[in-house]
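Shown next, in structure tokens, is the structure this report addresses.
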Amino acid sequence: VQLVESGGGSVQAGGSLRLSCAAFGYTYSTYYMCMGWFRQAPGKEREGVAGIDSDGSTSYADSVKGRFTISQDNAKNTLYLQMNSLKPEDTAMYYCAASPAVGYCYPQYVADFGYRGQGTQVTVSS
């Protein structure tokens, strides 16, 4: 499974961005897969952001709940992260990740998933 992120950039606080993650070597809905996003800011630990499993169930870190929305388009084999009301503390490299393990589709596990992309930078200025 290869994951390729896009959509990062620089925005002012309060702005929005939508990240995309194209999956190759795996077809959505063929078998179970949890897809998710995690982020890492310089000098900080990795932080799981959100997860979505094959039946569309979602979960979010408290720090982004109500501002970020994770979704997937099965026809396009693409995962998304819509980020609204961005804050300077959201600045980080954002990574897409995937895991076929059942029962771990929660933000706290996403950073340890076996498949991950190369990351896309998000910078939020105040």
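In this text, all values refer to a predicted model and were calculated from it rather than measured experimentally.
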Start with the C-alpha distance between C21 and Y80, add both sets of side-chain angles, then the distance that settles side chain to side chain contact (heavy atoms under 4.5 Å, CB included), and finish with yes or no.
CA-CA 6 Å; C21 172; Y80 302 101; over 6 Å; no
Note: P88 and S126 closest approach over all heavy atoms is CG-CB, 3.9 Å
Only distances under 3.5 Å count here; give the side-chain donor-acceptor pairs of residues 57-64 to other protein atoms, sequence neighbours excluded, each with its distance to 0.1 Å.
{"unit_1": "S57", "atom_1": "OG", "unit_2": "D55", "atom_2": "OD1", "d": "2.8"}
{"unit_1": "S59", "atom_1": "OG", "unit_2": "C105", "atom_2": "O", "d": "3.2"}
{"unit_1": "Y60", "atom_1": "OH", "unit_2": "I70", "atom_2": "N", "d": "2.9"}
{"unit_1": "D62", "atom_1": "OD1", "unit_2": "K65", "atom_2": "NZ", "d": "3.1"}
{"unit_1": "S63", "atom_1": "OG", "unit_2": "E47", "atom_2": "OE2", "d": "2.9"}

Smallest heavy-atom separation, L86 atom then M83 atom, equals CD2-CB, 3.8 Å
Minimum heavy-atom separation for E5 to G117, with atom names?
OE2-CA, 3.2 Å
If you take all heavy atoms of A92 and Q121, which pair is closest and at what distance?
O-NE2, 3.4 Å
Strictly distance-based, threshold 3.5 Å: is any side-chain N or O of T78 a donor or acceptor partner for the main-chain N or O of A22?
no
Rounded to the nearest 0.5 Å, how far apart are CZ of R18 and OG of S6?
9.0 Å
Smallest heavy-atom separation, R116 atom then R46 atom, equals NH1-NH1, 3.2 Å
Share the residues that join V4 in a hydrophobic cluster, the rule being Ile, Leu, Val, Met, Phe, Trp or Tyr side chains under 4.5 Å apart at the heavy-atom level.
F24
Could you grab the distance from atom OG1 of T120 to atom CD of Q118, nearest 0.5 Å is fine?
7.5 Å
How many angstroms lie between CD in E89 and CZ in R39, if you round to the nearest 0.5 Å?
8.0 Å
Closest heavy-atom pair, L19 versus Y94, reported as atoms and distance to 0.1 Å, is CD1-CB, 3.6 Å
So how far is it from L79 CG to M33 CE, rounded to the nearest 0.5 Å?
11.5 Å
To the nearest 0.5 Å, tell me how far S16 OG sits from N84 CG.
3.5 Å
Cluster check W37, V110: I/L/V/M/F/W/Y, side chain < 4.5 angstrom
no
Checking Y104 now: which residues fulfil ring-ring contact (aromatic ring centres under 6.0 Å, His included) with it, not counting sequence neighbours?
Y109
Which residue is it: F38, Y115, F113? I am looking for the one with a ring pair (Phe, Tyr, Trp, His ring centres under 6.0 Å) to Y95.
F38
